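Presented below is the structure to which this report refers.
We count ligands from 1, going down the list as the structure has it; atoms in each ligand are counted the same way. Given the structure is predicted, the values throughout are model-derived calculations rather than measurements.
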Amino acid sequence: MVTTDITPIKVQKSNNLRIKELDYNNITFGKLFSDHMFYADFKNNEWSDAQIVPYGPLLMSPATSALHYGQAIFEGMKAYKNEKAEVFLFRPFDNHKRINISAERMAMATIPQEVFMAGLTQLVDLDRDWVPDTDGSSLYIRPFIVATDEFIGVRPSDNYRFYIITSPAGKYYNEPVKVLVETNYIRAVEGGVGYVKASGNYGRSLFPAKLAQQRGYHQIVWTDARNHRYLEESGTMNLMFVIDDVLITPPLGDTILAGITRDSVLTLARDWKMKVQERKISIDEVVDAHKKGTLEDAFGTGTAATIAQIAQIGFEGKDYILPPAEGRIFSNRVAKELIDIRTGKVPDIHNWMYKVG
Ligand code: COI
């Protein structure tokens, strides 16, 4: 990896601040963007020209290779404000590691930790008024890297741009989700790119998700590509079940994203001495547990959604209704604990929070 000193970052402040547009009590995910954005360029084998500029449209050649062949990757992370108005990032070094895993798999330039962290902390510090402090809210941060060669031959680009934009976020889902087990389309396969945050993974999921939505479901549960029996992810989230007091989640591998929320939930469950199993789990096992009354909880985990409880699972024409969300012990406890850690209400024993400024 190339190590580059990109500091000091050139800063051009906006003279048209839009913070007045933010209604802290009514935030829609992903719609409103903070005043500034960061970018840096990879050219001649190094990162340079790091800048913070007013948020705004990009000027790019129509031959930009990312637009044609999908050499584009992203991260999702969040910043939180505590009662003293201090701003913290949640596990930013893990996002940095993961963006480089994505970059390597997609034959893209990796990004040095100092470039990633300098851009991130200075941008969030400058736009700290955009970090909401209302219950369950945060600043969603979207770092992404795109191939920028003006070339439509198919080969890895020589040039890349790394951007960071940010957007105040409230709830991703307004209610417990209804999911449909997908047994036709696939999201990921061994040897593929399901374990990285490649933009194309998300684009390819939209058509099957649209079909599920037309049938009244919020999201799909993806199953293994070979037999469509083993459960993998749900929508953009990792999947977890509590059966007979055991927390079960599919194991990491080529087809599953190494979610940072996933890891945080497993860590807290282990802290609480709960039995945790990272292993394959089939739809038959879930249906069986539902019949026996041992399916206590099911939820998705992700940066955007945090903990999204599953209300109903559709499979082969039947809907399996789960216990009422508000009465579930584990998902409610872990969701609250994550909020409390992030807003400084309980000690951060794993050093997940990174102070900005
Ligand atoms: C995240 O949780 O950060 C995601 O990747 C979901 C996002 C695509 C909205």
Side-chain angles (χ1 to χ4, degrees), residues 27-34 66 70 72-80 89-103 105-106 116 120 123-124 131-132 136-146 162-174 176-177 179 187-188 192-210 212-213 218-222 232-240 249-250 252 255-266 299-310 331 334-335 338-339 342 352:
I27 304 176
T28 309
F29 181 89
K31 276 216 157 152
L32 182 65
F33 297 92
S34 318
I73 55 177
F74 71 92
E75 270 305 314
M77 50 197 302
K78 280 178 172 170
Y80 298 84
L89 299 167
F90 183 70
R91 303 188 67 173
F93 298 105
D94 294 287
N95 292 94
H96 168 254
K97 279 191 210 126
R98 195 171 63 182
I99 205 168
N100 280 346
I101 292 170
S102 300
R105 179 62 181 82
M106 297 299 289
F116 187 88
L120 189 59
L123 179 69
V124 173
V131 186
S137 66
S138 58
L139 184 71
Y140 186 79
I141 303 169
R142 171 54 59 84
F144 58 108
I145 307 179
V146 291
F162 170 52
Y163 290 96
I164 309 176
I165 57 175
T166 70
S167 172
K171 284 193 179 132
Y172 193 76
Y173 292 111
N174 287 321
V177 290
V179 297
R187 172 187 172 274
V193 297
Y195 68 103
V196 301
K197 280 187 96 68
S199 307
N201 284 345
Y202 296 77
R204 68 188 293 174
S205 73
L206 299 177
F207 179 66
K210 187 168 101 177
Q213 279 150 17
H218 295 97
Q219 265 307 344
I220 274 178
V221 170
W222 298 103
E232 301 217 313
E233 294 190 5
S234 180
T236 62
M237 303 180 293
N238 293 110
L239 253 185
M240 302 211 176
T249 193
L252 298 181
T255 60
I256 309 264
L257 185 83
I260 294 164
T261 312
R262 174 188 183 279
D263 182 74
S264 308
V265 169
L266 297 182
F299 55 97
T301 67
T303 297
T306 314
I307 305 292
Q309 292 171 312
I310 294 173
S331 53
V334 84
L338 283 170
I339 293 175
R342 289 161 167 168
W352 285 338

With a 3.5 Å cut-off and no angle check, do the side chains of T301 and T261 form a donor-acceptor pair? no

Pair R342-S138, side-chain donor/acceptor within less than 3.5 Å: no

Hey, what polar pairs (N/O, under 3.5 Å) does ligand 1 make with protein?
residue, atom, partner, partner atom, Å
ligand 1, 2 (O), T303, N, 3.1
ligand 1, 2 (O), A304, N, 2.8
ligand 1, 3 (O), Y140, OH, 2.7
ligand 1, 5 (O), K197, NZ, 2.5

Should the pair W352 and F90 be assigned to parallel (<30°), tilted (30 to 60°) or perpendicular (>60°) ring geometry? perpendicular

Non-neighbouring partners of R187 that pass side-chain contact (heavy atoms from CB on, under 4.5 Å), sequence neighbours left out: N201, W222, E233

Separation between CE of M237 and OH of Y172, rounded to the nearest 0.5 Å: 8.5 Å

For K78 against T303, the heavy-atom pair lying closest together: NZ-O, 2.8 Å

